[in-house]
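Before any comments, here is the structure.
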Amino acid sequence: MEAKSTLIERLDYTTQTTIEQVLWATAFAGLTAFGAQMEIPHQPVPYTLQTLFVLLAGAFLGARNGALSQLVYLAVGALGVPVFSGGGFGIARLLGPTGGYLFAFPIATAVVGSLVHRNRSLIWSVVSMCAGLLVIFTFGTVQLNAIYFHDWRSSFNAGFLIFSWWDVIKLGSAAMIYHEIAKRWPKVP
């Protein structure tokens, strides 16, 4: 009888943690959508807060669930919900000038998630998030070049360099937020 109750307790715990993971992934997908609407218009790629939440998703949720949160975000947008910057949605947005950045979000969260959990120091959080931003900027610049500029110098200037100051601010904010919360609650979420 004791073996049955232990099995039931395990199943209850597994179901509870699965539900929690799905809720956290959904919450970070929603935060990324919110960050997309916090926009400073700029062509061809606007300034947004999306990457702040992408970095935090990787740090808090880990590689798998962080990537899942961003896949949910992309799927919802691809299916027609206006979650991309400027209220954009659909496959055309993913294939346009900003698509490379968007496609990089799940990969960047996986990179941040796999690196940040090796060491919870502030410096390591910054290094991990820098790696995630490099993934986003690389994918974004490549697609921007292929779709829009057809010139590597222009693509690098408009797709990478111009965002450097903005993303340093978001990177610092994300690292501090993660570090402070992780200090108080080592097992988040």
Side-chain angles (χ1 to χ4, degrees), residues 18-114 116 125 128-144 147-148 159-160 162-163 165-178 181-182 188-189:
T18 301
I19 291 169
E20 287 174 5
Q21 290 174 10
V22 168
L23 290 174
W24 279 108
T26 303
F28 273 98
L31 286 170
T32 305
F34 170 76
Q37 306 318 307
M38 301 297 107
E39 173 185 4
I40 299 170
H42 179 266
Q43 290 299 323
V45 181
Y47 294 92
T48 69
L49 288 179
Q50 287 168 295
T51 53
L52 172 73
F53 297 111
V54 170
L55 298 174
L56 288 172
F60 283 121
L61 302 181
R64 185 192 69 200
N65 289 342
L68 175 64
S69 74
Q70 298 311 299
L71 289 170
V72 167
Y73 170 69
L74 295 178
V76 167
L79 292 172
V81 179
V83 295
F84 300 142
S85 63
F89 59 89
I91 300 293
R93 183 58 75 101
L94 292 171
L95 299 177
T98 61
Y101 299 96
L102 296 170
F103 280 125
F105 288 176
I107 299 164
T109 53
V111 167
V112 172
S114 65
V116 80
S125 297
S128 301
M129 291 178 183
C130 276
L133 280 179
L134 283 174
V135 168
I136 293 169
F137 282 135
T138 300
F139 276 65
T141 302
V142 167
Q143 186 157 332
L144 193 59
I147 300 295
Y148 196 80
F160 192 103
I162 199 161
F163 295 110
W165 67 274
W166 178 240
D167 279 285
V168 165
I169 293 168
K170 291 186 287 184
L171 170 92
S173 300
M176 289 301 295
I177 290 167
Y178 172 71
I181 291 174
V188 177

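What you see below is based on every heavy atom in this structure, not just the backbone, and it leaves out hydrogens, waters and symmetry mates. Sequence positions, counted from 1, serve as the residue numbers for this chain.
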>> What I'd like to find out is whether the side chain of Leu52 reaches to under 4.5 Å of the side chain of Met38, using heavy atoms alone.
In response: no
> Taking all non-hydrogen atoms of both residues, which atom of Ala25 and which atom of Leu68 are closest, and how far apart?
Replying inline: CB-CD2, 4.2 Å
> Looking at side-chain heavy atoms only, is the closest gap between Ile136 and Phe105 below 4.5 Å?
Replying inline: yes
> Given side chains that start at C-beta, do those of Trp24 and Asn65 come closer than 4.5 Å, heavy atoms only?
Replying inline: no
> Quick one: are Val54 and Tyr73 in side-chain contact, heavy atoms under 4.5 Å?
Replying inline: no
>> Would you compute the distance between atom OG of Ser128 and atom CG of Leu133 and round it to the nearest 0.5 angstrom?
In response: 11.5 Å
> Would you call the rings of Trp165 and Tyr47 parallel, tilted or perpendicular, where under 30° means parallel and over 60° means perpendicular?
Replying inline: tilted
>> To the closest 0.5 Å, what do you measure between CE (Met129) and OG1 (Thr51)?
In response: 11.0 Å
> Does Phe28 reach the side chain of Thr109, with side-chain heavy atoms less than 4.5 Å apart?
Replying inline: no
> Measuring from Phe139:CZ to Leu134:CG, what's the distance to the nearest 0.5 Å?
Replying inline: 12.0 Å
>> With a 4.5 Å cut-off on side-chain heavy atoms, are Leu144 and Pro44 touching?
In response: yes
> What heavy-atom pair brings Phe163 and Val45 nearest, and what distance separates the two atoms?
Replying inline: CZ-O, 3.3 Å
> Do side-chain atoms of Lys170 reach the backbone of Gln50 as a donor and acceptor pair under 3.5 angstrom?
Replying inline: no
> What pair of heavy atoms forms the shortest contact from Cys130 to Leu171, and how long is it?
Replying inline: N-CD1, 3.5 Å
> Taking all non-hydrogen atoms of both residues, which atom of Gly96 and which atom of Ile147 are closest, and how far apart?
Replying inline: C-CG2, 4.0 Å
> Can the ring centres of Phe137 and Phe160 be said to be less than 6.0 Å apart?
Replying inline: yes
> Do Tyr101 side-chain atoms and Gly159 backbone N/O form a donor-acceptor pair below 3.5 Å?
Replying inline: yes
> Between Ala57 and Gln70, which heavy-atom pair has the shortest distance, and what is it?
Replying inline: CB-NE2, 4.0 Å
> Can you find a pair of side-chain heavy atoms, one from Phe84 and one from Leu94, that are under 4.5 Å apart?
Replying inline: yes
> What are the two closest non-hydrogen atoms of Val72 and Ala29, and how far apart are they?
Replying inline: CG1-CB, 3.9 Å
> Are the side chain of Glu39 and the backbone of Ser85 linked by a donor-acceptor contact shorter than 3.5 Å?
Replying inline: no
> Donor-acceptor pair, Gln143 side chain versus Thr98 backbone, under 3.5 Å?
Replying inline: no
>> Check whether Thr141 reaches the backbone of Thr138 with its side chain - one donor and one acceptor, N or O, closer than 3.5 Å.
In response: no
